[in-house]
Amino acid sequence: MHWTFVEQLRPDQIEITEGEAHHLLHVLRIKPQQMLVLFNGRGEIADAIVESTSRRSVFCRVVQRREVPGLPEGWLTVAVSPPKGDRLRWMIEKLTELGVPRITLLGCERTVAEPGETKLEKLRGTAAAACKQSRQAWLPDIQPLTNFGQVLVEAGQLGQKIVLAHPAAGRIHEPTPGGTGRLLLIGPEGGFTDTEVTAALAAGAEQLHWPRSILRTETAAIVFAGRLLISP
């Protein structure tokens, strides 16, 4: 069944409008009596039957609901300096498919791109589409550009272990397992400055890197996020 993002899953009679309705009506050619899976991005899923359609809306009735548990708060935050152009959209899409619960756009000394609120809304739309494709019940919490130092402070407040992706680490390193959650720091194309590395290490960061090459920002985010999500 096709997954459809709906912000409000109550009451049982639901009208799907705007972009989601356009996709159902004009791309999927949805018809009455077909079944859909509706999700609100906050762990609630509903099986629904299409009762009728109009030119711009799809009217559904919920027949069954279920809850999908999310990861605990602070389990993994990927704080990544935003790459330019479409690379940022692609990165958000892939991190969403992996199931990363929180993505923070990281403001570093060498950060160039500074996405505004309009860009953030488009990125959240990208995440919703990725959730539909990958059957993820939870949308990632995408945070706006946040100063490097503030991100370290928030990690301390959440009790997260900090993992710094940094080529100068000298070898590939498996971060110490822990149940308190992790903050993964991914720098811009020019890398972290010595000041930023010193601050992260002072906050207790462990370092890792890819041993055979220097990864681009979006590649590093995806590779290392995947490793941390499957680590015990």
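Computed from heavy atoms alone, side chains included, the values below leave out hydrogens, waters and symmetry copies.
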Cluster question for you: counting only ILVMFWY and a side-chain heavy-atom cut-off of under 4.5 Å, with indirect links fine, are [X] and [Y] together?
| X | Y | result |
| --- | --- | --- |
| Leu36 | Leu28 | yes |
| Trp138 | Leu71 | no |
| Leu164 | Ile214 | no |
| Val63 | Val6 | no |
| Leu105 | Phe224 | yes |

For [X] against [Y], the heavy-atom pair lying closest together:
| X | Y | value |
| --- | --- | --- |
| Ile16 | Ala21 | O-CB, 3.3 Å |
| Gly190 | Arg110 | O-NH1, 2.9 Å |
| Glu44 | Leu9 | O-CD1, 3.4 Å |
| Ala165 | Ile186 | CB-CD1, 3.6 Å |

Side-chain donor-acceptor pair present, Ser81, Thr111, cut-off under 3.5 Å: yes

Quick test of your reading of the model: are Arg56 and Glu15 salt-bridged, counting only N-O distances below 4.0 Å? no

A quick test of your reading: do over 12 heavy atoms of other residues, nucleotides or ligands sit less than 6.0 Å from [atom1] of [X]?
| X | atom1 | result |
| --- | --- | --- |
| Arg55 | CZ | no |
| Asp194 | CG | no |
| Glu7 | CD | no |
| Glu18 | CD | no |

To the closest 0.5 Å, what do you measure between CD (Glu196) and CG (Leu106)? 7.5 Å

So CG of Leu184 and CZ of Arg102: to nearest 0.5 Å the spacing works out to 13.5 Å

Looking at Arg124 and Pro140, would you say the former's side chain and the latter's main chain have a donor-acceptor pair under 3.5 Å? no

Per the side-chain hydrogen bond (donor to acceptor under 3.5 Å, both in side chains) rule, which among Lys94, Arg89, Arg87 passes with Glu218? Arg87

